[in-house]
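The analysis underlying the following values was restricted to heavy atoms, covering all of them including side chains, and did not include hydrogens, waters or symmetry mates. Throughout, protein chains are lettered first and strands after them, A, B, ... in sequence-line order, and every chain is numbered starting at 1. Just so it is clear, the model here is predicted, and its values are computed rather than measured.
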Amino acid sequence: MDLTSIKAALDNESLTNTTVSVAGWVRTFRNDRFIALNDGSTIRNLQCVIDQEQVDASTRGRFTTSAAVKCTGELVASQGSGQRVEMKVTTVEVLGDSDATTYPIQPKKHSLEFLRENAHLRFRTNTYSAVFRMRHQVSFGIHEYFDLNGYNYFHAPIITASDAEGAGELFRVTTLPLEKPPRVKRSLPINYPLFNEILERYCDTVIDYVKAHETIQPQLGKYIDKHYGVPPDMPQIPGDTGLMVEYQYRHFRDLLSKKPDDLEGSIADWRIGEYIERFTANIDINLDEHMEDFNEEAKFFLSLFQRLQQGEMGASLRDFKQGTDHICKQIGYTLSKSQGDDSMRKHPARGAPIYALSFFNLFDIVQHQVDYSGDFFGRESRLTVSGQLQAELAALALGKVYTFGPTFRAENSNTTRHLAEFWMIEPECAFMDLKGDMDLAEGLCKHLIARVLKNSMDDLQFLDARLTEEESQKPQVQRSEMGLIDRLKFVLENPFERITYTEAIEILLRSKPYQKKQFQFPVEWGIDLQSEHERYLVEKHFKKPVIVTGYPATIKAFYMRTNAPGDLGYSEKGKTVAAMDVLFPGIGEIIGGSQREERLDVLEARMKEMGLDTDELWWYLDTRKFGTVPHAGFGLGLERFVLFVTGMSNIRDVIPFPRTPGSAEF
RNA sequence: UCCCUGGUAGCUCAGCUGGUUAGAGCACAUGACUGUUAAUCAUGGGGUCGCUGGUUCAAGUCCAGCCCGGGGAGCCA
């Protein structure tokens with residue numbers, strides 16, 4: 001088919017008064033005469049005018065929304081006012097029908113939520129076609145920028161075996177059978193006294209918990225089968241640990257066979273839990289009376305899990321560490337919520353039995369450790385969360401490299417700016433310090449903005465209008481002062497604000513919301529900046545992108561360079577590292593980077609301090625042994641940047657098929 | 001994972017403190033129309049009120065659990 005794109009048909013004046021063919025999808029068919037045709041080459045439609053005498057009624061009836069149509073005819077100056085040229089159609093052919101009664105996208109405004117559920121068809125809407133054309137412009141612009149600056153495109157592996165990168169939860173990659181994975185044979189070094197302590201103190205409580213639960217929750221049986229039921233092929237575990245699993249299992253089984261009448265009395269031993277409120281209706285229990293008891297128990301368990309985290313367990317398993325870490329967070333959260341803090345609703349306290357169950361769960365992880373030696377790679381492997389460490393290796397030879405590829409995080413995060421699968425750009429440059437890193441980051445952002453302003457003006461104008469309309473629905477206070485295009489121009493033309501973490505804290509301490517106690521989280525040197533703090537700095541105080549450097553070492557990753565007096569971001573208030581975060585209005589952290597620690601002794605000391613295994617990253621440390629040099633880099637989330645340039649607000653709307661917890665349709 | 005909020009026609013939403021046959025706009029179907037711009041006008045069809053259980057003479061409406069969506073928080077890019 002010799003086709004002309006609609007973009008060319010509309011823009012290329014030399015085509016006017018010539019005969020061409022176009023093909024696309026019908027947007028609307030008006031007055032039995034006008035087809036608004038779109039082929040995706042531009043957001044604008046070509047108006048194709050049908051001569052009713054030449055096209056019979058049955059064919060005209062097939063020009064339904066989203067039908068694929070090919071039109072041939074002369075491009076002529078339009079009689080109507082909405083467009084410069086239109087096509088006087090001589091022949092028209094329906095390439096693919098679209099049944100209007102079942103086609104979900106209607107010629108009207110749809111909610112983004114609805115279109116997200118129809119992600120396979122949403123590209124046919126103005127908004128999404130504009131977004132994805134711009135996504136292309138941004139992607140291509142990234143390669144363009146780095147190429148112009150002498151960077152080599154570097155492909156970091158997607159499958160990694162290293163588990164010390166420290167950036168979030170990872171997806172496993174395995175060919176082992178999930179139903180029955182091989183288990184490690186040798187028994188692990190386990191701190192039995194600690195287990196016994198818990199067993200003696202809490203097993204009865206757990207059992208009571210299960211009993212009481214059973215009376216009101218018939219599904220509990222299923223739950224126990226799923227989480228605590230011992231599979232028939234359970235290996236024999238030697239010694240007292242085997243007995244313990246057996247003991248736990250039998251008790252749960254016993255309880256399930258008992259009738260509710262037998263449970264009388266045990267309920268009196270109950271501690272406060274999230275289910276207690278349900279019981280207060282039937283049984284005379286006052287929540288407040290037990291709050292003190294509960295807090296004591298939660299504190300006990302917190303200390304217990306903290307001990308386990310510090311290795312008293314004797315086992316150094318990643319899953320185990322994550323498990324205890326998670327529970328520590330939960331208990332800490334519950335404690336802080338249940339005590340004071342009037343601004344928040346009281347969190348329904350979880351009872352100690354819940355934590356005891358959690359403990360048993362952790363125990364289960366240790367007992368059933370999987371043997372990965374027979375797995376595909378002969379070791380535990382996962383999907384990458386960052387190509388940075390590998391990029392560093394390349395940068396320390398090629399000088400300048402950047403990665404641009406998919407990244408995976410198994411975090412259960414459900415927000416408008418997180419995805420489980422996203423695209424990240426990670427440049428890494430030898431002989432570059434933090435200042436150079438900031439210049440590179442700012443230069444990249446500006447290059448990309450300049451590019452979309454140059455190449456995507458049609459789409460930007462549409463998205464600008466869309467955003468303005470959306471904003472007009474919001475209350476006045478929440479509206480942004482600038483339209484999309486103005487905002488992009490503003491960011492392009494003004495330097496980013498550069499401040500240190502210490503300065504940021506000082507600004508926050510002097511700020512109105514802090515003094516009026518409007519911040520939910522405390523502000524003091526050493527804390528991590530919360531969303532509300534970042535938003536204040538970017539959206540209220542500076543009103544432009546801000547780069548914050550020199551964060552406290554305690555809240556940043558091991559590979560970041562420790563600051564000494566005289567370094568940018570050094571503070572007398574505590575140890576800081578050469579980190580930098582670029583914060584954008586409406587999005588928050590769009591770039592996170594740092595100058596890397598190039599001094600072997602400092603790096604090793606810091607890894608040990610953070611409990612990381614230096615043996616596992618031997619290859620990384622080797623670069624510090626052989627010709628180490630200062631270097632720096634950062635990570636840019638592609639989707640977050642696309643969010644910014646398109647003015648969209650949910651990250652799920654700027655990636656074709658979003659992968660998020662509980663959702664991988666299409 | 002936590003907090004808040006929602007789930008009623010294909011879509012967007014109304015349905016007050018439980019009470020007759022559950023509504024509107026758009027979409028869709030049929031008809032009209034030689035210039036429309038999300039065309040317009042007339043007529044018509046369309047609903048297990050997210051699921052399960054409970055309270056009640058009576059549940060879209062009240063209660064509990066579960067599922068799904070949206071916003072915010074944490075984790076981060």
Next item on the list: Just call it for A/Asn414: base, sugar-phosphate, or nothing, with non-hydrogen atoms closer than 4.0 Å on any strand.
Entry: base

Review point. With a non-hydrogen cut-off below 4.0 angstrom, is A/Arg535 in contact with a base, only sugar-phosphate, or nothing?
Key: sugar-phosphate

What nitrogen or oxygen pairs link the protein and nucleotides 41-48 of chain B at under 3.5 Å?
none

Residues passing the side chain to side chain donor-acceptor pair (under 3.5 Å) test with A/Gln530, sequence neighbours excluded, are none

For a quick check of understanding: with a heavy-atom distance under 4.0 Å over all strands, which category does A/Glu532 fall into, base, sugar-phosphate or nothing?
nothing

Heavy-atom nearest pair, A/Cys71 first then A/Met87, reads CB-SD, 3.7 Å

Inset, instruction - Would you classify A/Thr416 as touching base, sugar-phosphate or nothing, given that sugar-phosphate means primed atoms plus P, OP1 and OP2, and contacts are heavy atoms under 4.0 Å? - result: sugar-phosphate

A/Asn31 atom CG is separated from B/rU36 atom P, nearest whole Å, by 7 Å

Select base, sugar-phosphate, or nothing to describe what A/Phe34 touches, counting heavy atoms under 4.0 Å on all strands.
-> base

Closest to the side chain of A/Phe114, out of B/rG72, B/rU12, B/rU36, is B/rU12

Sorted by chain and number, sequence neighbours left out, salt bridge (charged side-chain N to carboxylate O under 4.0 Å, His left out) with A/Asp528 holds for none

Tightest non-hydrogen contact, residues A/Thr416 and A/Ser649, listed as CB-O, 3.5 Å

Taken to the nearest whole Å, CD1/A/Ile587 to C1'/B/rC76 is 14 Å

Quick check, are the ring centers of A/Phe123 and A/Phe657 under 6.0 angstrom apart?
yes

Report which part of the nucleic acid A/Gln83 touches: base, sugar-phosphate, or nothing (heavy-atom distance under 4.0 Å, all strands).
base

Dot-bracket for RNA chain B, 5' to 3', Watson-Crick and G-U pairs with both distances under 3.5 Å, [ ] for crossing pairs, | for partner on another strand, reads (((((((..((((.....[...)))).(((((.......))))).....(((((..]....))))))))))))....

Closest to the 5' end of RNA chain B, once A/Pro104 and A/Asp32 are matched to their nearest nucleotides, is A/Pro104

In terms of heavy-atom contacts, A/Val131 and A/Leu463 come closest through CG2-CD2, 4.4 Å

Quiz prompt | OP1 or OP2 of B/rG70 under 4.0 Å from side-chain N/O of A/Arg652 | solution = yes

Heavy-atom nearest pair, A/Pro157 first then A/Gln390, reads CG-NE2, 3.6 Å

Test of ring centre spacing under 6.0 Å for A/His533 and A/Tyr514:
no

Practice problem: Using a 4.0 Å heavy-atom cut-off across all strands, classify A/Glu113 as base, sugar-phosphate, or nothing. | Solution: sugar-phosphate

A/Gln47 atom CD is separated from B/rU34 atom C1', nearest whole Å, by 13 Å

**Item:** Inter-nucleotide C1' distance (B/rU48, B/rU5), Å rounded
**Value:** 25 Å

Separation of B/rG72 atom P from A/Glu534 atom CD, nearest Å, is 14 Å

Between CG of A/Leu121 and P of B/rG10 the distance, given in whole Å, is 17 Å

Within residues 417-427 of chain A, the residues having a heavy atom closer than 4.0 Å to RNA chain B are A/Arg417, A/His418, A/Leu419, A/Phe422, A/Met424

Within 6.0 Å of NZ in A/Lys446, more than 12 heavy atoms from elsewhere: yes

- Message: Measuring only the C1' atom in each nucleotide, how far is B/rU8 from B/rG15? A whole number of Å is fine.
- Response: 9 Å

Please determine, by modelled atom types, if A/Tyr103 and A/Ser98 share a side-chain donor-acceptor pair under 3.5 angstrom.
no

Those residues at least two apart in sequence (or on a different chain) that pass side chain to side chain donor-acceptor pair (under 3.5 Å) with A/Arg640 are none

**Message:** Taking the C1' atom in each of B/rC3 and B/rC26, what is the distance between them to the nearest angstrom?
**Reply:** 35 Å

message: For a quick check of understanding: with a heavy-atom distance under 4.0 Å over all strands, which category does A/Ser81 fall into, base, sugar-phosphate or nothing?
response: base

- Under 4.0 Å between any heavy atoms, over every strand shown, what does A/Ser413 touch: base, sugar-phosphate, or nothing? Just pick one. base

Write down the distance separating the P atoms in B/rC63 and B/rG18, rounded off to the nearest Å. 11 Å

Residues at least two apart in sequence or cross-chain that pass side chain to side chain donor-acceptor pair (under 3.5 Å) with A/Asp97, listed by chain then number, are A/Arg62

Residue set satisfying side chain to side chain donor-acceptor pair (under 3.5 Å) with A/Thr415, at least two apart, ordered chain then number -> none

Under-3.5 Å N/O pairs linking protein and nucleotides 27-30 of chain B:
residue : atom : partner  : partner atom : Å
B/rA27  : O4'  : A/Gln106 : OE1          : 3.4

Looking at A/Ser531, does any N or O in its side chain come under 4.0 Å of the phosphate oxygens OP1/OP2 on B/rA73? yes

Ranking A/Ser663 and A/Thr415 by the position along RNA chain B of their nearest nucleotide, the one closer to 5' is A/Ser663

Worksheet item: For B/rU36, does either OP1 or OP2 sit under 4.0 Å from a side-chain N or O belonging to A/Arg30?
Response: no

For A/Gly586 and A/Glu539 the tightest heavy-atom approach is N-OE2, 2.8 Å

note: A/Glu117, atom CD; B/rC68, atom C1'; distance rounded to Å ~ 9 Å

Requested in this report: Report which part of the nucleic acid A/Arg116 touches: base, sugar-phosphate, or nothing (heavy-atom distance under 4.0 Å, all strands).
Outcome: sugar-phosphate

Is A/Gly592 touching bases, backbone alone, or none of the nucleic acid, heavy atoms closer than 4.0 Å? sugar-phosphate

Taken in chain and number order and not counting sequence neighbours, the residues that satisfy side chain to side chain contact (heavy atoms under 4.5 Å, CB included) with A/Pro406 are A/Ile158, A/Phe408, A/Trp423

Would you mind writing out the side-chain donor-acceptor pairs for residues 106-115 of chain A within the sub-3.5 Å range, not counting sequence neighbours?
residue  : atom : partner  : partner atom : Å
A/His110 : NE2  : A/Gln106 : N            : 2.9
A/Ser111 : OG   : A/Phe114 : N            : 3.1

A/His155 meets the ring pair (Phe, Tyr, Trp, His ring centres under 6.0 Å) criterion, sequence neighbours left out, with A/Tyr153

| task | Using the P atoms only, state how far B/rC16 lies from B/rG6, rounded to an integer number of Å. | result | 14 Å

Winner on side-chain proximity to A/Asn412, out of B/rG35, B/rU1, B/rG71, is B/rU1

Note to self: Using the C1' atom as the point on both nucleotides, what is the distance between B/rA42 and B/rG47, in whole Å?
What the structure shows: 25 Å

